Chemist: 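The following block contains the structure, expressed as structure tokens.
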Amino acid sequence: MNPTQQTPLPVIATVSRLVTKVVDRVTGDRSDYPLLVTCVVQRALSHLGIQTNIFYGQAAWIEIMEDQTPLWVGCWGDHTHFWNVTPHGEIVDLTTSVSYRKKAHQNPAHRPKYSPPLVWSNEIPRFIKYVPEGLAEVELDSDRDQRWYDLCVSEVLQKLTEIEPNLKKWTESAPTFDLDFPDEPLIVSGKRLLDDGAETFKHYDRALKVHGIPEGPL
């Protein structure tokens, strides 16, 4: 592991866009299926020669409520979260930005307006916390999950195969605006933040600056 390096931006853009789009379409909403997302990310990066691990454990992140107050939500106690870790020590979590779609385990009545950005970084901001408990042993325990996994992997790998000749020509020096990222906020190593078209992170960050970051559960 070399924390001074990172996954090339063209790979981050391509994999994050394909995985989020395909898993959302197949499942209807990827926010409820973090393990499936990590499995598809793992296969996509493996296809590109990047081996990753899937970790399980506790995780917490801040959502901004409709009244602009920050609230810690996530998976701890009896609940488990999943994320990928790359050879460069980057945590990859492609479900954080859509967590507002699901009810919080700790407070099902909460009404979030903004979620934190997607994560592909070895520098985790203060509004997200991960506590790994071990490597996940992936077992798809239903026919539906296996079918979803096969559909997602098949489509993502097909599209990667089509894109790969051009992907290999790109370098980390490629201008960010020339890359096709998902239309969701994304934080990458180097504390770089790529906002979406609606400037969601700008509004999220403004609320944090006004109210501050409350004490976290982890």
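Note that this is a predicted model, so its numbers are computed, not measured.
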Chemist: Does Ser99 form a side-chain hydrogen bond (donor to acceptor under 3.5 Å, both in side chains) with Ser115? I'd like the steps, not just the answer.
Modeler: CA-CA 6 Å; Ser99 69; Ser115 296; 3.1 Å; yes
Chemist: How long is the gap from OH on Tyr114 to CZ on Arg206, to the nearest 0.5 Å?
Modeler: 8.5 Å
Chemist: If hydrophobic clusters are built from ILVMFWY residues whose side chains come within less than 4.5 Å, do Ile163 and Leu179 share one?
Modeler: yes
Chemist: Does CD in Glu66 sit with more than 12 non-hydrogen atoms of other residues, nucleotides or ligands closer than 6.0 Å?
Modeler: yes
Chemist: Taking the side chain from Ser97 and the backbone from Pro116, do they hold a donor-acceptor pair closer than 3.5 Å?
Modeler: no
Chemist: Can you check whether Tyr56 and Trp83 have ring centres sitting under 6.0 Å from each other?
Modeler: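 Between Tyr56 and Trp83, the centre distance exceeds or equals 6.0 Å.
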Chemist: Mind checking whether Leu160 and Leu18 have side chains closer than 4.5 Å, heavy atoms only?
Modeler: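 They are in side-chain contact.
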Chemist: Nearest 0.5 Å, please: how far is CD1 in Ile64 from OH in Tyr204?
Modeler: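 The distance works out to 5.5 Å.
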Chemist: Which heavy atom of Glu123 sits nearest a heavy atom of Ser189, and at what distance?
Modeler: OE1-C, 3.7 Å
Chemist: Distance from Phe201 atom CZ to Leu193 atom CG, nearest 0.5 Å?
Modeler: 4.5 Å
Chemist: For Cys75 and Thr80, what are the C-alpha separation, side-chain angles and deciding distance, and is it a side-chain contact (heavy atoms from CB on, under 4.5 Å)?
Modeler: CA-CA 5 Å; Cys75 299; Thr80 302; 5.7 Å; no
Chemist: Should Val98 and Val22 be regarded as members of a common hydrophobic cluster, given that ILVMFWY residues are connected when their side-chain heavy atoms come within less than 4.5 Å of each other, either directly or indirectly?
Modeler: no
Chemist: Is Val153 reachable from Leu36 through a run of hydrophobic residues whose side-chain heavy atoms are each under 4.5 Å from the next?
Modeler: yes
Chemist: Looking at Ile124 and Ser121, what are the two nearest heavy atoms and their distance?
Modeler: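 Ile124 and Ser121 have their closest heavy atoms at CD1-O, 3.7 Å.
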Chemist: Do Glu184 and Thr20 pair up side chain to side chain, a donor and an acceptor below 3.5 Å, judged on atom types alone?
Modeler: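 No, Thr20 and Glu184 have no side-chain donor paired with an acceptor closer than 3.5 Å.
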Chemist: Indicate the atoms forming the closest heavy-atom contact of Pro182 with Leu118, along with that distance.
Modeler: CG-CD1, 4.0 Å
Chemist: With a cut-off of 3.5 Å and sequence neighbours excluded, list every side-chain donor-acceptor pair involving residues 125-132.
Modeler:
| unit_1 | atom_1 | unit_2 | atom_2 | d |
| --- | --- | --- | --- | --- |
| Tyr130 | OH | Asp93 | OD2 | 2.8 |

Chemist: Just how far is it from atom CD1 of Ile62 to atom OG1 of Thr96, taken to the nearest 0.5 Å?
Modeler: 13.0 Å
Chemist: Backbone N or O of Thr7 within a donor-acceptor pair of the Glu90 side chain at under 3.5 Å?
Modeler: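 Yes; at least one donor-acceptor contact below 3.5 Å.
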Chemist: State, yes or no, whether a side-chain contact exists between Ile187 and Arg192 at a heavy-atom distance under 4.5 Å.
Modeler: no
Chemist: Going by the rule side-chain hydrogen bond (donor to acceptor under 3.5 Å, both in side chains), which residues pair with Asp183 if we only count those two or more places apart in sequence or in a different chain?
Modeler: none
Chemist: For Met65, does its backbone N or O pair with a side-chain atom of Thr69 as donor and acceptor, under 3.5 Å?
Modeler: no
Chemist: Return the minimal non-hydrogen interatomic distance between Lys113 and Gln68, and the atom names on each side.
Modeler: CD-NE2, 4.1 Å
Chemist: Has Thr200 got a side-chain atom pairing as donor or acceptor with Asp196's backbone, closer than 3.5 angstrom?
Modeler: no
Chemist: Which residue in the set Asn84, Leu9, Ile91, Thr86 passes side chain to side chain contact (heavy atoms under 4.5 Å, CB included) when paired with Trp120?
Modeler: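 Of Asn84, Leu9, Ile91, Thr86, side chain to side chain contact (heavy atoms under 4.5 Å, CB included) with Trp120 is met by Thr86 alone.
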Chemist: What's the separation between atom CG in Asp145 and atom CZ in Arg147, rounded to the nearest 0.5 Å?
Modeler: 9.0 Å
Chemist: CG/Leu94 to OG1/Thr38 distance, rounded to the nearest 0.5 angstrom?
Modeler: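 Separation between the atoms: 9.5 Å.
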Chemist: Could you go through residues 40-55 and list every donor-acceptor pair under 3.5 Å that involves a side-chain atom there, pairing it with any protein atom two or more places apart or in another chain?
Modeler:
| unit_1 | atom_1 | unit_2 | atom_2 | d |
| --- | --- | --- | --- | --- |
| Gln42 | NE2 | Thr52 | O | 2.9 |
| Arg43 | NH1 | Tyr149 | OH | 3.4 |
| His47 | NE2 | Glu164 | OE1 | 3.1 |

Chemist: Can you see which heavy atom on Trp72 is nearest to which on Gly216, and at what distance?
Modeler: NE1-CA, 3.3 Å
Chemist: Identify, with sequence neighbours excluded, every residue that meets side-chain hydrogen bond (donor to acceptor under 3.5 Å, both in side chains) alongside Asp143.
Modeler: none
Chemist: Once side-chain hydrogen bond (donor to acceptor under 3.5 Å, both in side chains) is applied, do any residues pair with Asp205, and if so which ones, sequence neighbours excluded?
Modeler: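 Expected list: Lys209.
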Chemist: Looking at every heavy atom in both Arg30 and Thr95, which two are closest together, and how far apart are they?
Modeler: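 Where Arg30 meets Thr95 most closely, the heavy atoms are O-CG2, 4.0 Å.
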Chemist: For residues 5-19, pull every pair meeting salt bridge (charged side-chain N to carboxylate O under 4.0 Å, His left out), keeping only residues two or more places apart or in separate chains.
Modeler: Arg17-Asp180
